[in-house]
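Just below is one structure, and these are the notes that go with it.
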Number of protein chains: 2
Amino acid sequence: MLVYYLRLMARIKIDKNSSRKEVIVAKAAALFREKGFKAASMRDLAESVGVEAASLYNHIKSKTELLHELCFGVANRFMHKMDEVESQKIPAIEKVETMIRFHIDEMINHYEEVYVSDREWKHLSDPYLSNFQNQRRMYRKRFAALIEAGIRDKEIKKIDAPTAVLILLHAIGGIESWHRSTQKISAAALTDNMITILVGGLTNK
Amino acid sequence: MLVYYLRLMARIKIDKNSSRKEVIVAKAAALFREKGFKAASMRDLAESVGVEAASLYNHIKSKTELLHELCFGVANRFMHKMDEVESQKIPAIEKVETMIRFHIDEMINHYEEVYVSDREWKHLSDPYLSNFQNQRRMYRKRFAALIEAGIRDKEIKKIDAPTAVLILLHAIGGIESWHRSTQKISAAALTDNMITILVGGLTNK
DNA sequence: ATAATATACTAACATGTGTTAGCAAAAAAA
DNA sequence: TTTTTTTGCTAACACATGTTAGTATATTAT
């Protein structure tokens with residue numbers, strides 16, 4: 001008996017507003033988050049996309065490009081928010097709280113990308129690496145400046161501003177554990193608790 | 001002209017209180033911290049130890065064993081401290097502060113090991129992986145219990161204790177950035193600032 | 001000095017990696 | 001339909017990886 005097998009080729013599914021490359025980048029974010037950039041192989045990624053490894057290269061230039069895309073995508077969002085907040089005419093402590101809320105929101109709703117950008121940027125290669133590090137340094141300086149303004153206005157305790165920034169940013173990174181935990185409190189409750197502790201820790205009186 | 005090359009073999013230098021294995025583990029901590037577990041190769045490690053890669057295997061069983069050693073070494077230290085603090089007869093808020101200070105101290109003085117244990121444990125393999133995860137969960141539960149006791153005694157704000165733990169632990173992880181920064185404030189100043197913000201964020205009034 | 005043990009070396013292996021070449025098939029444009 | 005372009009496939013590459021075998025050389029014990 002002669003049997004013909006109909007071979008149909010896989011295809012990367014896309015919805016209206018996202019290119020195939022964007023689908024790959026999104027899957028990469030999830031995978032890099034789960035395994036780490038180095039431990040995640042292109043064959044892993046291919047499988048999660050539903051295609052053979054070589055096929056990915058019709059859409060992307062390299063594995064590292066995926067990391068660029070993720071890291072700078074996230075970095076740009078934070079930079080733009082910082083621009084926006086800096087130019088607002090509100091008390092410094094409110095600026096700080098706005099930024100904290102933004103960080104929390106990003107960490108809740110764009111978990112994978114933000115997490116990867118935060119933990120895996122080391123694996124970028126120059127010139128992207130130094131570029132990213134510079135942006136990061138700059139961002140933290142601007143954040144510290146917000147806090148220092150709050151200290152001058154006596155809204156915020158007399159503390160070392162860079163240390164405060166470092167605490168804030170890393171504390172928010174802890175939302176990672178919230179995502180992984182089985183019995184999550186609601187996102188709103190999480191946000192409230194974080195704001196209470198963090199802003200409470202900064203505020204004068 | 002005939003020339004004889006005198007070949008002398010490298011040797012892992014040890015001082016009185018540390019075996020060759022301990023030297024390797026220490027170097028591994030530094031390397032894993034810098035590059036990440038996956039990205040750090042045994043040849044890298046060998047070079048940093050001053051020996052050929054194969055020679056390492058006279059002292060260790062595998063690359064993963066190095067990670068075990070580091071992760072469980074750190075985990076045990078924290079567990080023992082928790083035992084000690086739990087059994088003390090002092091207010092809950094002071095227990096919390098003691099533990100926070102211990103974390104800060106560990107992060108300052110045993111940076112590499114603690115950092116690696118915190119970030120690279122994912123690369124452990126079962127049964128060590130589940131074991132480690134269990135210990136971690138347990139530890140956080142006990143930490144949360146300290147905070148809950150403080151809430152009952154009205155020493156600590158009414159907050160979600162697990163969330164508070166997650167904030168505390170991750171915030172302290174931020175000392176990583178302090179280590180990497182060029183213009184460091186003193187360790188004592190860092191500690192003071194962190195205590196001010198974190199304990200201040202928890203304390204009622 | 002001799003024997004025994006600990007430690008290091010060279011060479012090589014099997015495996016997993018990112019990536020490319022060349023071709024097939026599907027989709028889009030003509 | 002025919003042509004062109006996009007997208008996927010198989011096969012293979014060059015290279016890095018963790019690790020082992022077998023051997024040489026130090027160090028320690030007898």
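Chain identifiers are assigned alphabetically (A, B, ...) following the order of the sequence lines, protein sequences preceding nucleic acid strands; residue numbering begins at 1 within each chain.
Regarding contacts with the backbone of C:dA8, a side-chain N or O of B:H59 is found under 4.0 angstrom from either OP1 or OP2. At C:dC9, one or more side-chain N or O atoms of B:S55 fall inside 4.0 Å of OP1 or OP2 (strictly under the cut-off).
Between the C1' atom of C:dA26 and the CG atom of A:N58 lies a distance of 13 Å, rounded to the nearest Å. If you measure from atom CD1 of A:I14 to atom P of C:dA28, you get 9 Å, rounded to the nearest angstrom. Atom NE2 of A:H123 and atom C1' of C:dT17 are 15 Å apart (whole Å). In this structure, A:F37 places its CZ atom 12 Å from C1' of C:dT17, rounding to the nearest Å. Rounded to an integer number of Å, the gap from CD1 of B:I24 to P of C:dA8 is 8 Å.
Between the side chain of A:R43 and the base of C:dG16 there is no donor-acceptor pair of N/O atoms closer than 3.5 Å.
The 12-atom threshold is not exceeded at CD of B:E47, counting heavy atoms of other residues, nucleotides or ligands nearer than 6.0 Å.
Listed candidates were C:dT10, D:dA11, C:dA8. Nearest to the side chain of B:E52 is C:dT10.
Positionally, the nearest nucleotide of DNA chain D for B:T64 lies more toward the 5' end than for the other of B:T64 and B:R11.
Between A:Q135 and A:N76 the shortest side-chain heavy-atom distance falls below 4.5 Å. Under the 4.5 Å side-chain criterion, counting only non-hydrogen atoms from C-beta, A:I104 is in contact with A:I195.
Ring centroid separation for the pair B:H68 and B:F132 does not come in under the 6.0 Å cut-off.
Counting non-hydrogen atoms under 4.0 angstrom, B:A40 reaches the backbone sugars and phosphates but no base.
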